[in-house]
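All values reported here derive from a predicted model rather than from experimental measurement. As a basis for the values below, the full set of heavy atoms in this structure was taken, side chains included, without hydrogen atoms, waters or symmetry mates.
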Amino acid sequence: LLVALNGADVATTVWFLVLGGSEGNPVLAPIVHRWWLVVAVKAVVLGLLSRRILDAPARSWEARLLVNLALAYYLAVVAWNLSVVHRLMS
């Protein structure tokens, strides 16, 4: 699910950029026009997060917390991106 949400983040970001929107993430804003670098940064972040989740003891509160926080974060980002797309298309 995290991989799917990360993909949705990338796809919706590209969508609003094509529509004339701008990247609000200060880390990605300077590199947003180099798609391969954005994908690389997102892959590294997802990899680090996944490694931390996998290193946590199985069924531990830490693993559940990390997964739930990551899911909430990506859901919020995708929802925000879709709201930007909607605003730009109106």
>> According to salt bridge (charged side-chain N to carboxylate O under 4.0 Å, His left out), does anything in residues 66-83 pair up with another residue at least two apart or in another chain? List the pairs.
In response: none
> Roughly how far, to the nearest 0.5 Å, is CG of Leu66 from CG of Leu71?
Replying inline: 11.0 Å
>> Under 4.5 Å between side-chain heavy atoms, counting indirect links through other Ile/Leu/Val/Met/Phe/Trp/Tyr residues: same cluster for Leu46 and Leu1 or not?
In response: yes
>> Please give the remaining members of the hydrophobic cluster of Val32, linking ILVMFWY side chains under 4.5 Å, ordered by chain and number.
In response: Trp15, Phe16, Leu17, Leu19, Val78, Trp80, Leu82, Val84, Val85, Leu88, Met89
>> Tell me the closest heavy-atom pair linking Arg59 and Arg64, and the distance in Å.
In response: O-NH1, 2.7 Å
>> Restricting to non-hydrogen atoms, name the atom on Pro30 and the atom on Pro26 that form the minimum distance, rounded to 0.1 Å.
In response: CD-O, 3.3 Å
> So which heavy atom on Asp9 is nearest to which on Thr13, and how close?
Replying inline: O-OG1, 2.7 Å
>> Could you check whether atom CZ of Arg34 has more than 12 heavy atoms from other residues, nucleotides or ligands sitting under 6.0 Å from it?
In response: no
> Is it true that Tyr73 and Leu75 fall in one hydrophobic cluster, defined by side-chain heavy atoms closer than 4.5 Å?
Replying inline: yes
> Is there a path of hydrophobic side-chain contacts, each under 4.5 Å between heavy atoms of I, L, V, M, F, W or Y residues, that connects Trp36 with Leu28?
Replying inline: yes
> Where do Pro57 and Ala63 come nearest, in terms of heavy atoms and distance?
Replying inline: O-CB, 3.9 Å
> Rounded to the nearest 0.5 Å, what separation is found between the CD1 atom of Ile53 and the CG atom of Leu65?
Replying inline: 10.0 Å
> According to a 4.5 Å side-chain heavy-atom criterion applied to Ile, Leu, Val, Met, Phe, Trp and Tyr, with indirect links allowed, do Val45 and Leu69 form part of one hydrophobic cluster?
Replying inline: no
